[in-house]
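Below is one structure; the comments refer to it alone.
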2 protein chains.
Amino acid sequence: MIVVPTPAGRPRYHQVADELRRRIRAGALPPGAPLPSESSLMQEFTASRGTVRQSVALLRSEGHVITEKGRGTYVRPVLPKRRLGADRYASAPSTPSTPPSPSAPPSPSAPSTRDGRGTSFTLDQRIEWSAYQLDRSFDEVPADEATADLFGVEPGTPLLRRHFVFRAHGVPQQLSTSSYVLDTVRDTPVADPANEPWPGGNIAQLRSLGIRVTGVRELVRSRMPTADEAATLHIPAGVPVVTITRQMFAGDRVVEVANDIVIPGDRVELDYWIAVA
Amino acid sequence: MIVVPTPAGRPRYHQVADELRRRIRAGALPPGAPLPSESSLMQEFTASRGTVRQSVALLRSEGHVITEKGRGTYVRPVLPKRRLGADRYASAPSTPSTPPSPSAPPSPSAPSTRDGRGTSFTLDQRIEWSAYQLDRSFDEVPADEATADLFGVEPGTPLLRRHFVFRAHGVPQQLSTSSYVLDTVRDTPVADPANEPWPGGNIAQLRSLGIRVTGVRELVRSRMPTADEAATLHIPAGVPVVTITRQMFAGDRVVEVANDIVIPGDRVELDYWIAVA
DNA sequence: CAGTGGTCTAGACCACGCT
DNA sequence: GCGTGGTCTAGACCACTGT
């Protein structure tokens with residue numbers, strides 16, 4: 001068969017993807033709208049199915065569209081983002097409309113955010129403890145090197161490790177693996193999975209043990225999800241995860257380590273305040 | 001020829017990808033190592049080229065491997081990550097080994113971090129101002145709605161907008177679009193691109209105008225890069241970007257807005273400290 | 001049932017990096 | 001020139017979603 005030379009030097013599947021991207025940007029294909037079917041695209045662009053599928057795969061990997069088996073391909077809807085701010089660590093149990101915490105920024109108006117690609121909006125979405133559903137599994141393990149380092153203890157120190165899957169309103173929101181040094185929680189209500197979710201979270205938990213958390217350190221990274229994570233969190237192709245490695249401090253002492261909180265990147269924004277000396 | 005057990009129902013290209021992932025995790029294919037060529041894989045797994053290519057495309061989109069035209073496919077090397085902490089906003093000009101800033105966490109030891117996929121390490125990498133190269137373009141524009149909102153001014157307010165491409169040691173590190181209200185910087189050295197990079201950064205710049213920055217708010221998000229961003233920042237497939245929307249405050253007043261700092265997700269980790277009341 | 005996307009094959013020509 | 005991956009074609013069968 002005769003291979004059609006690529007007109008502009010640009011591969012045909014890029015041309016198709018470019019055109020579809022253009023329509024998405026221009027609003028001709030708004031979020032949620034179906035893309036033309038593969039057969040339509042084959043006709044419209046005079047390309048083979050493989051080429052058309054390559055275009056769509058590209059758009060998928062860029063996070064522009066999602067594909068549903070047997071139904072079609074759709075422009076990725078923009079999800080409302082959960083905003084995680086410092087106030088989630090405030091001592092008072094959260095109420096849907098709690099005023100900002102003492103160390104919060106000077107009440108900046110909630111900005112409308114851009115996702116860098118077009119339509120966007122942000123929801124200052126608070127989820128009450130009661131709306132959470134929770135899968136959890138607790139176990140006792142010796143500290144691996146990374147976790148020991150974060151705690152500032154010897155590797156091998158016995159830990160209580162808790163693994164959580166948070167859901168809110170039926171939608172998986174995040175995974176989290178969080179540890180306490182076993183000695184500090186053994187035979188306390190904190191070590192009992194039945195007491196989760198604990199109102200006020202880990203800080204309240206530690207408080208019940210007489211440990212007063214004075215600060216939290218968060219190390220934020222981003223990467224593509226593992227296959228497991230994508231499945232558990234219902235993450236479509238083209239969407240990264242944000243990971244947080246967290247240390248809770250009581251003075252100089254590390255009292256909790258979350259060795260990777262994993263959150264879908266299309267459902268969250270992290271809000272930080274830095275005081276400048 | 002190695003015969004891979006056939007978990008029936010699982011598509012062949014997934015089986016191939018699973019096996020390659022396994023080898024990567026197991027260390028049989030360490031970072032930087034070449035994957036078997038497509039023809040080898042075709043033989044080893046008794047699959048057509050299309051199927052083998054689909055496996056590799058999957059691994060690429062997951063960030064496990066990168067492909068170089070005419071050379072081969074390689075396990076993605078783990079890059080040292082630049083750690084961005086609050087100290088980058090400290091008043092004193094940074095020196096490679098400056099002690100932590102006043103509001104910093106209680107000197108936690110630099111943790112060794114996990115990338116969630118295997119081998120990993122972190123470099124507490126400081127880049128002196130002198131190591132920066134910088135592309136910049138300044139222009140004067142009326143504030144769009146999002147930026148006006150972040151500034152707390154009316155849309156249309158004249159802004160000095162600066163676009164930067166930072167490189168360090170030849171490697172592109174981040175894009176940034178940052179604005180001042182034009183009235184506050186007109187006819188000052190700050191408005192002259194020739195004075196970039198300005199030692200001490202935007203805070204020192206504002207200081208030279210008699211404006212004392214008291215705090216910085218950062219809104220962190222993650223998404224896949226646009227085609228432009230991927231090209232400019234040399235981002236391979238399967239690597240997301242971290243974006244930061246930043247407001248600099250002088251008291252209650254917003255004095256600078258960075259309406260999207262874009263950083264490759266495989267080259268950075270953000271380090272935040274939250275004081276708990 | 002018809003329409004959608006998912007998987008797979010076999011073959012072809014091309015552009016690139018290296019030796 | 002050889003080996004690598006990049007692009008493209010044409011056809012086939014399948015699983016899933018809707019009516």
Side-chain angles (χ1 to χ4, degrees), chain A residues 1-20 29 32-62 64-76 227 230-231 234 236-238, chain B residues 4 6-20 29 32-62 64-76 227 230-231 234 236-238:
Chain A
M1 201 67 252
I2 299 167
V3 175
V4 178
T6 56
R10 190 153 176 79
R12 175 80 112 250
Y13 79 93
H14 270 311
Q15 297 176 29
V16 177
D18 288 347
E19 170 59 17
L20 293 174
L29 291 172
L35 251 61
S37 71
E38 290 177 355
S39 14
S40 314
L41 292 173
M42 287 169 67
Q43 288 180 37
E44 182 180 344
F45 293 94
T46 328
S48 72
R49 190 167 170 224
T51 300
V52 167
R53 280 183 61 75
Q54 221 177 331
S55 324
V56 176
L58 181 57
L59 295 175
R60 207 167 29 232
S61 78
E62 292 172 340
H64 288 115
V65 304
I66 58 177
T67 291
E68 293 175 37
K69 267 191 313 188
R71 299 221 310 131
T73 298
Y74 300 85
V75 179
R76 185 150 71 85
H234 300 170
Chain B
V4 174
T6 307
R10 188 139 177 91
R12 175 81 114 255
Y13 79 93
H14 269 312
Q15 298 175 31
V16 177
D18 289 346
E19 170 60 15
L20 293 174
L29 292 172
L35 251 63
S37 70
E38 290 177 356
S39 15
S40 315
L41 293 173
M42 287 168 67
Q43 287 180 37
E44 181 179 343
F45 294 95
T46 326
S48 73
R49 190 167 170 224
T51 300
V52 169
R53 280 183 61 75
Q54 221 178 330
S55 325
V56 176
L58 180 57
L59 295 175
R60 207 166 30 231
S61 77
E62 293 173 339
H64 288 115
V65 304
I66 58 176
T67 291
E68 292 174 37
K69 265 194 312 191
R71 298 221 311 132
T73 299
Y74 301 85
V75 179
R76 184 150 73 83
H234 301 171

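Because the structure is predicted, anything quoted here is derived from the model rather than measured.
Here the P atom of nucleotide D/dT4 and the CG atom of B/Leu35 are 13 Å apart, to the nearest Å. When rounded to the nearest whole Å, the span between CD1 of A/Ile66 and C1' of C/dG5 equals 14 Å. Rounded to whole Å, the distance from CD on A/Glu38 to P on D/dA10 is 16 Å. Counting to the nearest Å, the P atom of D/dG6 and the NE2 atom of A/His14 are 11 Å from each other. Rounded to whole Å, atom C1' of C/dT7 lies 12 Å from atom CD of B/Gln15. For the pair A/Leu58 CG and D/dG6 C1', the computed distance is 13 Å after rounding to whole Å. Computed from coordinates, the A/Leu41 CG to C/dG3 P distance equals 17 Å when rounded to whole Å. In this structure, B/Lys69 places its NZ atom 10 Å from C1' of D/dG5, rounding to the nearest Å.
Side-chain atoms of B/Arg12 come within 3.5 Å of backbone N or O of B/Thr46 as a donor-acceptor pair.
The shortest distance between the side-chain N/O atoms of A/Thr73 and the OP1/OP2 oxygens of C/dT4 is not below 4.0 Å. Regarding contacts with the backbone of C/dT4, a side-chain N or O of A/Ser37 is found under 4.0 angstrom from either OP1 or OP2. A close approach under 4.0 Å does not occur between any side-chain nitrogen or oxygen of B/Thr51 and OP1 or OP2 of C/dT7. Contact annotation: A/Ser39 side-chain N/O to C/dT4 OP1/OP2 distance is under 4.0 Å. Dashed line: the shortest gap from a side-chain N or O of B/Tyr13 to OP1 or OP2 of C/dT7 is under 4.0 Å. The shortest distance between the side-chain N/O atoms of B/Thr67 and the OP1/OP2 oxygens of D/dG5 is not below 4.0 Å.
Side-chain proximity of B/Arg49 to C/dT4, D/dG6, C/dT7: nearest is D/dG6. Comparing atom distances between the A/Arg71 side chain and each of C/dT4, D/dT9, D/dG18 picks out D/dG18 as nearest.
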- Task: Give the C-alpha distance, both sets of side-chain angles, the deciding distance and a yes or no for side-chain contact (heavy atoms from CB on, under 4.5 Å) between B/Asp18 and B/Arg10.
- Result: CA-CA 10 Å; B/Asp18 289 346; B/Arg10 188 139 177 91; 2.7 Å; yes
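For the pair A/Gly70 and A/Val52, both in contact range of DNA chain D, the more 5′-proximal nearest nucleotide belongs to A/Val52.
Here the closest non-hydrogen pair linking A/Ala47 and A/Val52 is CB-CG2, 4.2 Å.
B/Ala57 is linked by a side chain to side chain contact (heavy atoms under 4.5 Å, CB included) to B/Arg60, counting only residues two or more places apart in sequence or in another chain. Taking the side-chain hydrogen bond (donor to acceptor under 3.5 Å, both in side chains) definition, one finds that B/Glu38 meets it with B/Arg49, B/Arg53, sequence neighbours left out.
Checked by distance alone, A/Arg12 brings no side-chain donor or acceptor within 3.5 Å of a matching partner on the base of D/dG6.
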